[in-house]
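Structure, as structure tokens:
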Amino acid sequence: MCNSLAEFRMSKKMTMKEFAIRIGVSKSYYEKIEYGIRQPSYNFMIKFVNSFPEANADKIFFESKSHETCEN
């Protein structure tokens, strides 16, 4: 099961550019979301779910994520 957008994209063996095109967003915008620079918009999530209905969007977008440097 994929826990992040990057893991899901890699499981599909797609580049960031291919993935962005499939969803219908710019590569630049997609990169910012995958790298955590921007939060995905509602429209992005709708496009993602419509493009990849098999994905567990709740797990990818809504489960809390921790970073090893953030742990005590």
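Here the structure is a predicted model, which is why all the values come from computation and not from measurement.
One hydrophobic cluster, built from ILVMFWY side chains closer than 4.5 Å, holds both M14 and M45.
Applying the side-chain hydrogen bond (donor to acceptor under 3.5 Å, both in side chains) test to every pair with at least one member in residues 24-37, sequence neighbours left out, gives these pairs: R9-E34, K27-E31, Y29-S41, Y30-E34.
With rounding to the nearest 0.5 Å, the separation of CG in L5 from CE in M16 is 8.5 Å. Once rounded to the nearest 0.5 Å, the distance linking CD1 of I33 with CZ of R38 reads 6.5 Å.
The salt bridge (Lys or Arg N to Asp or Glu O under 4.0 Å) test applied to K12 returns E54, not counting sequence neighbours. Under the rule for a side chain to side chain contact (heavy atoms under 4.5 Å, CB included), the partners of I46 that lie at least two apart in sequence or sit in another chain are Y42, N50.
Residue V49 comes nearest to A57 through the heavy atom pair CG2-CB, 3.8 Å, listed as atom of the first residue, atom of the second, then distance. In plain terms, the two heavy atoms of I60 and A55 that are nearest each other are CD1-CB, 4.3 Å.
Annotation: side chain of V25 is not in contact with side chain of F48 (no heavy-atom distance under 4.5 Å). Residues N56 and F8 have side chains not in contact (no heavy-atom distance under 4.5 Å, counting atoms from C-beta outward).
Between F61 and F44, the ring planes are perpendicular. Angles over 60° get that label, and only those under 30° would be called parallel.
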